[in-house]
S.K.: 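Submitted below is the structure of interest, expressed as structure tokens.
All ligand and atom numbering here is 1-based and tracks the order in the structure. The structure displayed is predicted, hence computed values, not measured ones. Positions are given from 1 along the sequence.
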Amino acid sequence: MARHWADFQYEIYLNGMTGTVPRLPTDLSRLEELTERRLGPGPVGYVAGGAGDGSTARANRAALERRRIVPRMLRDVAERDLSVEVLGRSLPAPVALAPVGVLSIMHPEAEPAAARAAAAQGVPFVLSSASSTPMEEVAAAMGDAERWFQLYWSKDREVTRSFLGRARAAGFSVLVVTLDTPLLAWRPRDLDRAYLPFLHGVGTANYFTDPAFLAGLARPVREDPNAAVTHFVNLFADPGKTWPDLAFLREHWDGPLVLKGVLHPDDARLAVDAGMDGVVVSNHGGRQVAGAVAAADALPRVAAAVGDRLSVLFDSGVRGGADVFKALALGAEAVLLGRPYVYGLGLDGQSGVEHVIRCLLAELDLTLALSGHAGPATVGPADLEEDAG
Ligand SMILES: Cc1cc2nc3c(=O)[nH]c(=O)nc-3n(C[C@H](O)[C@H](O)[C@H](O)COP(=O)(O)O)c2cc1C
């Protein structure tokens with residue numbers, strides 16, 4: 001039977017009868033400010049910060065805000081089912097947790113805590129290549145729950161080949177290849193504090209446990225950590241890659257393959273030509289190119305170009321259930337949730353992440369119902385209008 005996500009609100013009100021209120025806000029857009037107050041400026045700056053003057057992150061929000069839902073009435077929404085099939089995987093709702101690196105800067109339990117929260121709520125967890133915990137440990141924390149692996153496409157073929165083999169063996173089902181980070185972007189909040197966790201060997205766990213990576217070191221990491229960090233920096237990403245290189249990944253990954261960071265319809269068409277199974281329309285939460293197109297503005301154009309040929313997913317700016325609804329209406333099959341779950345982790349560990357997931361899906365369930373939909377399948381462009389502002 002489909003899960004009744006909206007019932008979370010009754011649970012909250014019932015708990016209130018005994019004087020208990022939620023530990024974290026239920027309006028997820030308030031989490032950033034709370035995290036700023038509770039955690040040190042370095043980690044929060046890294047998470048909240050964007051490229052340049054932050055204009056892309058603001059544009060992401062504005063593009064979602066500008067689109068308004070036009071609710072429909074008397075459509076029988078008594079029984080609702082949020083489940084979807086995406087990339088051949090059955091999901092309880094059209095949402096997964098986005099890949100976010102170095103979660104140990106937010107909470108000591110880091111990725112395993114977020115992954116356990118995702119598993120407990122049945123939502124896929126997308127593990128970053130730049131996690132602070134090796135992928136096998138994260139997998140072990142999840143049992144057989146749905147997990148996807150995000151690849152930062154290394155300069156070193158052997159390291160990439162090894163990562164794919166390890167991810168497969170550890171039960172990751174979908175490969176998400178991030179294309180928008182061939183170089184670290186200009187990020188003033190990190191630059192002003194000279195804050196980059198990787199240089200301290202934080203966020204390098206998958207590399208420092210990888211046989212192919214270790215084979216490139218003269219001495220073990222523990223004996224010469226600086227050399228290990230330098231080796232990591234040198235091979236982490238590759239600005240020289242081009243579309244034909246995707247054949248290598250297709251050859252070494254037999255599951256669904258998704259390209260993250262696609263914004264132009266022509267790039268989406270190239271993804272189809274390269275035999276990809278999906279794209280994530282994303283500008284990395286505004287962390288890469290200041291002045292870039294808002295992800296929600298790029299989404300309908302990409303969906304129109306390729307939506308019938310591969311799966312179109314979306315992230316960048318999702319802060320609540322209404323945003324998920326809007327992304328579905330603009331052509332996404334599913335949405336990745338980024339910063340809000342990271343703040344939930346920073347504020348309250350695994351429980352904080354579970355709180356964020358439950359709030360988001362309760363609000364999505366209610367938004368669907370109150371707009372006249374019994375599930376994601378019937379949501380479309382006609383449900384939105386643009387606020388000329
Ligand atoms: C602190 C932080 C670290 C991130 N690390 C990664 C990463 O390792 N790999 C990746 O593909 N995307 C990474 N992202 C981007 C997210 O997957 C996602 O695209 C972004 O958070 C969406 O924007 P939003 O959080 O503002 O909604 C990161 C984002 C943040 C905020």
S.K.: Answer yes or no on whether Arg147 is positioned over the face of Phe125, meaning its NZ or CZ is under 6.0 Å from the six-membered ring centre and within 45° of the axis.
M.R.: no
S.K.: Does this structure show an ion pair linking Glu36 with Arg189, if we count only N-O contacts that are shorter than 4.0 Å?
M.R.: yes
S.K.: What are the atoms of ligand 1, with element, lying closer than 4.0 Å to any heavy atom of Ala98?
M.R.: 17 (O)
S.K.: Which atoms of ligand 1 are found less than 4.0 Å from any heavy atom of Ser282?
M.R.: 19 (O)
S.K.: Let me confirm one number: the CD1-NE2 distance from Ile69 to His373, rounded to the nearest 0.5 Å.
M.R.: 9.0 Å
S.K.: Checking contacts here: is it the side chain or the backbone of Gln150 that comes within 4.0 Å of ligand 1, counting heavy atoms only? Could be both or neither.
M.R.: side chain
S.K.: Quick one: nearest non-hydrogen protein atom to atom 23 (O) of ligand 1, plus distance?
M.R.: Gly285 CA, 3.0 Å
S.K.: Would you verify whether the NZ or CZ of Arg193 falls within 45 degrees of the ring axis of Tyr195 while also being under 6.0 Å from that six-membered ring's centre?
M.R.: no
S.K.: Is it true that Arg61 and Asp323 have a side-chain N and a carboxylate O under 4.0 angstrom from each other?
M.R.: yes
S.K.: Provide, to 0.1 Å, the distance between atom 8 (O) of ligand 1 and the closest protein heavy atom, together with that atom's residue and name.
M.R.: Ser128 OG, 2.7 Å
S.K.: Just jot down the ligand 1 atoms closer than 4.0 angstrom to any heavy atom of Gly338, in number order.
M.R.: 21 (O), 25 (O)
S.K.: With a 4.0 Å cut-off, would you call Arg168 and Asp254 a salt bridge?
M.R.: yes
S.K.: Which atoms of ligand 1 sit under 4.0 Å from any heavy atom of Val47?
M.R.: 1 (C), 31 (C)
S.K.: For atom 1 (C) of ligand 1, grab the closest protein heavy atom and report residue, atom and distance to one decimal in Å.
M.R.: Arg287 NH2, 3.4 Å
S.K.: In the protein, what heavy atom is nearest to atom 25 (O) of ligand 1, and what distance, to one decimal place, separates them?
M.R.: Arg339 N, 2.8 Å
S.K.: Please round to the nearest 0.5 Å and tell me the distance separating atom OG1 of Thr209 and atom OH of Tyr207.
M.R.: 10.5 Å
S.K.: Between Glu109 and Arg116, is there a salt bridge with N-O shorter than 4.0 Å?
M.R.: yes
S.K.: Considering only NZ, NE, NH1 and NH2 on the basic side and carboxylate oxygens on the acidic side, decide whether Arg319 and Glu32 come within less than 4.0 Å.
M.R.: no
S.K.: Which ligand 1 atoms, with their elements, are less than 4.0 angstrom from a heavy-atom of Val318?
M.R.: 27 (O)
S.K.: Heavy-atom distances under 4.0 Å decide this one: backbone, side chain, both or neither, for Val100 against ligand 1?
M.R.: both
S.K.: Give the residue and atom name of whichever protein heavy atom lies nearest to atom 9 (N) of ligand 1, and the separation in Å to one decimal.
M.R.: Tyr152 OH, 2.9 Å
S.K.: Please report which non-hydrogen protein atom sits nearest to atom 6 (C) of ligand 1, along with the residue it belongs to and the distance in Å to one decimal place.
M.R.: Pro99 O, 3.2 Å
S.K.: Please state which protein non-hydrogen atom is closest to atom 19 (O) of ligand 1 and give its distance, to 0.1 Å?
M.R.: Asp315 OD2, 2.8 Å
S.K.: Starting from atom 5 (N) of ligand 1, find the nearest protein heavy-atom neighbour and note its residue, name and distance.
M.R.: Gly101 N, 3.0 Å
S.K.: Which atoms of ligand 1 have any heavy atom of Lys260 under 4.0 Å away?
M.R.: 10 (C), 11 (O), 12 (N), 15 (C), 16 (C), 17 (O), 18 (C), 19 (O)
S.K.: Verify whether the ring centers belonging to Phe232 and Phe213 lie closer than 6.0 Å.
M.R.: no
S.K.: Answer yes or no: is there an ion pair linking Arg30 with Asp27, defined by an N-O contact shorter than 4.0 Å?
M.R.: no
S.K.: Going by the atom numbers of ligand 1, which of them fall below 4.0 Å from some non-hydrogen atom of Thr178?
M.R.: 10 (C), 11 (O)
